[in-house]
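Below is one structure, written out as structure tokens; comments come after it.
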Amino acid sequence: MAQRIDQRQQAVVSHRMTFWGSPSGNGAASWEYTGQKWVVKRPDDGNPPFQRTVRCEECGKALSYAVHSVGTTRRRRFRRLLGAYAGLAVLLGSLAGFLTLGDAGTARTVGTVAAFFLGAVLGWVCGLAAAEEKGVTGHFVGWPGPTKHDVTLVEPPPEELPELVCARCGHREEFPQGKHYRKGFVQKHYRAAVSRLENHTCGNP
Ligand SMILES: [Zn+2]
Ligand SMILES: [Zn+2]
């Protein structure tokens with residue numbers, strides 16, 4: 001999922017502790033990182049990126065990053081998405097090529113297989129990179145795979161919704177709240193709770 005990009009937002013700069021990934025639940029390897037807080041401030045749209053240096057608290061290395069504006073970040077993400085679609089197009093083209101191979105010569109078969117893998121890799125890498133695009137570049141930030149240092153944007157906590165309590169009888173309607181819920185889910189249940197409150201049998205009419 002694409003991340004939220006704000007002009008000013010919290011981030012965590014992390015240093016990978018172990019060289020080899022340890023297997024995690026979903027089959028992908030996970031790496032242990034230690035993190036330090038970093039506030040990302042972006043230039044206004046149209047301005048050149050800010051050059052920022054963060055000193056890693058773990059290894060003492062000075063990490064220099066370029067921080068891009070919100071607009072530039074969106075364009076970077078868009079270009080990577082285009083790369084992903086180009087990879088998909090090559091992949092689909094090669095599949096069509098397989099169907100028409102017939103008893104074509106070895107060269108064409110090898111070319112079709114190569115196009116298939118090229119398309120798959122390009123689509124996969126660019127797709128992941130588009131989702132990972134943070135508008136912070138340097139030290140391989142935003143490219144898939146384990147890197148020694150990584151920058152992670154921290155999602156701001158969702159805004160608190162006002163409680164639903166009847167002013168006359170104190171009747172309260174509960175609704176799910178918390179950042180582990182999807183925003184749409186919370187809003188849907190909040191609207192339902194509002195209408196339940198409006199229609200409740202008031203103990204003190
Ligand atoms: Zn470090
Ligand atoms: Zn009431």
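Just so you know, ligand 1 is whichever comes first in the structure, and atom 1 is the first atom listed for that ligand. Side chains are part of it too, since the values below use all heavy atoms of this structure and drop only hydrogens, waters and symmetry mates.
- A donor-acceptor pair is defined here as one N or O able to donate and one able to accept, closer than 3.5 Å; such a pair exists between the side chain of Gln36 and the backbone of Glu57.
- Taking the six-membered ring for Trp and thresholds of 30 and 60 degrees, Phe175 and Tyr190 have ring planes more than 60 degrees apart, a perpendicular arrangement.
- A donor-acceptor pair is defined here as one N or O able to donate and one able to accept, closer than 3.5 Å; no such pair exists between the side chain of Arg8 and the backbone of Lys41.
- At a threshold of 2.8 Å, the Zn ion (ligand 2) has a backbone or side-chain N, O or S atom of Cys166 nearer than that distance.
- Checked by atom type and distance alone, the side chain of Arg42 never pairs as donor or acceptor with a backbone atom of Val67 at under 3.5 Å.
- Annotation for Lys134 and Val151: closest pair CE-O, 2.7 Å, computed over non-hydrogen atoms.
- At a cut-off of 2.8 Å, measuring from the Zn ion (ligand 1), the protein N, O or S atoms that fall short of it are His15 ND1, Cys56 SG, Cys59 SG, His149 NE2, waters left aside.
- The backbone N or O of Phe98 lies less than 3.5 Å from no partner atom in the side chain of Thr112, so there is not a single donor-acceptor pair.
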